[in-house]
Amino acid sequence: MKTKISASILSADFGSLERELKRAESSGCDMIHFDVMDGHFVPNLSYGVPVLKSIRKYCGLLFDVHLMITDPMKFILPFKEAGADHITFHEEADCDPNEVIDKIHSLGITAGISIKPKTPVEAVFPYLEKLDMVLIMTVEPGFGGQGFIPETLEKISALRAEAERRGLRLDIEVDGGIGANTAPKVRAAGANVLVSGSYLFRSEDMPSAVESLRR
Ligand code: DX5
Ligand code: ZN
């Protein structure tokens, strides 16, 4: 599977988001990763629907929305209307995952479930047939710029093995601490969508940084 790069704008310069989005697009990224935090599911706040709505027009890439919020069901429609092309919510959130997946699909966009580092990968197995993507967090969600947790590699390979056993072409996304040193490890384990925030946005040569994640 071709490796896709999703640039997490959590580490972008918020004073110049239009320029940062264009930089990600012209550097060869495949998607924009939009992290939504509610200060409850995770101990941090980020941005929400109005921000997505106003920046969507500056960039032609797919918007990959990652909801780190307690009540995802309530916000599926607003995020879709604001321009989300894909929505991922957390298995640990306060919701019925089947209902949330069906709601996302009913709006004509793709759906993903994410699990935190301490959640066993088997927690997503009941939903694999109806999911487009599983996001394995490789840091504790809530902040950019943290160190990659190596124990998550086993979860990636177990999930890839299970998807192959069932004959599913599942996207496996990883998020947290992804840079030139960790990208080869997660790709070897079976991940094909790599989220990267601080590594990409802090680099002075983003096209080379993007390329280093694919190599
Ligand atoms: C963390 C977010 C990530 C974050 C990753 O909760 O989900 O998307 O931006 O940042 P880096 O790539 O800096 O670890
Ligand atoms: Zn994220």
Side-chain angles (χ1 to χ4, degrees), residues 1-14 20-21 23-24 27-39 41-47 61-69 86 88-93 112-121 123-124 133-160 170-215:
M1 278 167 120
K2 184 182 169 276
T3 301
K4 288 180 262 183
I5 307 300
S6 194
S8 171
I9 56 165
L10 192 60
S11 296
D13 174 0
F14 294 146
E20 292 284 70
L21 289 166
R23 183 159 76 109
S27 297
C29 295
D30 301 283
M31 295 184 254
I32 298 295
H33 186 82
F34 190 86
D35 287 303
V36 181
M37 305 182 187
D38 65 356
F41 183 77
V42 286
N44 198 8
L45 287 167
S46 58
Y47 33 67
L61 298 178
L62 294 182
F63 271 69
D64 160 32
V65 172
H66 177 194
L67 297 180
M68 287 163 274
I69 64 176
H86 168 90
T88 293
F89 63 99
H90 270 265
E91 190 274 338
E92 305 89 349
I113 281 200
S114 180
I115 48 172
K116 297 185 194 182
K118 291 192 191 86
T119 302
V121 71
V124 302
M133 186 192 274
V134 172
L135 166 52
I136 301 210
M137 289 304 300
T138 44
V139 299
E140 286 297 337
F143 300 89
Q146 304 180 74
F148 178 82
I149 300 174
E151 289 73 22
T152 57
L153 287 170
E154 278 172 34
K155 288 166 47 170
I156 302 167
S157 39
L159 178 60
R160 181 55 77 202
L170 180 74
D171 278 330
I172 301 182
E173 184 174 55
V174 287
D175 184 7
I178 303 299
N181 295 328
T182 47
K185 297 180 190 167
V186 293
R187 282 179 14 232
N192 67 306
V193 185
L194 276 52
V195 176
S196 184
S198 50
Y199 175 72
L200 291 183
F201 284 96
R202 281 180 205 158
S203 98
E204 277 170 22
D205 180 358
M206 199 191 276
S208 303
V210 171
E211 201 38 49
S212 75
L213 298 177
R214 298 191 200 277
R215 232 181 286 127

Between [X] (side chain only) and [Y] (backbone N and O only), is there a donor and an acceptor less than 3.5 Å apart?
| X | Y | answer |
| --- | --- | --- |
| Arg214 | Thr3 | yes |
| Thr138 | Asp175 | yes |
| Arg215 | Ala183 | no |
| Ser196 | Ile178 | yes |
| Asp64 | His86 | no |

Short side-chain donor-acceptor distance under 3.5 Å, [Y] and [X]:
| X | Y | result |
| --- | --- | --- |
| Tyr199 | Thr182 | no |
| Asp35 | His33 | yes |
| Thr119 | Glu91 | no |

Roughly how far apart are [X] [atom1] and [Y] [atom2], rounded to 0.5 Å?
| X | Y | atom1 | atom2 | result |
| --- | --- | --- | --- | --- |
| Thr152 | Lys185 | OG1 | NZ | 10.5 Å |
| Leu213 | Ser6 | CG | OG | 11.5 Å |
| Ser212 | Leu200 | OG | CG | 7.5 Å |
| Ile32 | Leu61 | CD1 | CG | 5.0 Å |
| Phe201 | Leu10 | CZ | CG | 10.0 Å |
| Asn192 | Leu170 | CG | CG | 8.0 Å |

Minimum side-chain heavy-atom gap [X]-[Y] below 4.5 Å:
| X | Y | value |
| --- | --- | --- |
| Met137 | His66 | yes |
| Leu21 | Phe63 | yes |
| Glu92 | His90 | yes |
| Asp171 | Met1 | yes |
| Ser8 | Ser198 | no |
| Ile113 | Phe89 | yes |

Nearest heavy atoms of [X] and [Y], plus distance in Å:
| X | Y | value |
| --- | --- | --- |
| Ala191 | Val174 | CB-CG1, 3.8 Å |
| Met68 | Pro141 | SD-CB, 3.6 Å |
| Met206 | Ser27 | CB-OG, 3.3 Å |
| Asn44 | Met37 | O-CB, 3.2 Å |

Practice problem: Check the pair Ile172, Val193 against side chain to side chain contact (heavy atoms under 4.5 Å, CB included), reporting the backbone distance first and the verdict last. | Solution: CA-CA 6 Å; Ile172 301 182; Val193 185; over 6 Å; no

Quiz prompt | side chain to side chain contact (heavy atoms under 4.5 Å, CB included) partner of Ser114, chosen from Val134, Thr88, Leu67 | solution = Thr88

Practice problem: Using a strict cut-off of less than 4.0 Å between a Lys/Arg side-chain nitrogen and an Asp/Glu carboxylate oxygen, indicate whether Lys4 and Glu173 qualify as a salt bridge. | Solution: no

Exercise. Using a cut-off of 6.0 Å, state whether more than 12 heavy atoms not belonging to Glu154 lie near its atom CD.
Key: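 Result for CD/Glu154: open.
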
Exercise. Could you walk me through whether Val36 and Phe41 pass side chain to side chain contact (heavy atoms under 4.5 Å, CB included), step by step?
Key: CA-CA 10 Å; Val36 181; Phe41 183 77; over 6 Å; no

Quiz prompt | Test log, rule side chain to side chain contact (heavy atoms under 4.5 Å, CB included), inputs Asn181 and Phe148 | solution = CA-CA 10 Å; Asn181 295 328; Phe148 178 82; over 6 Å; no

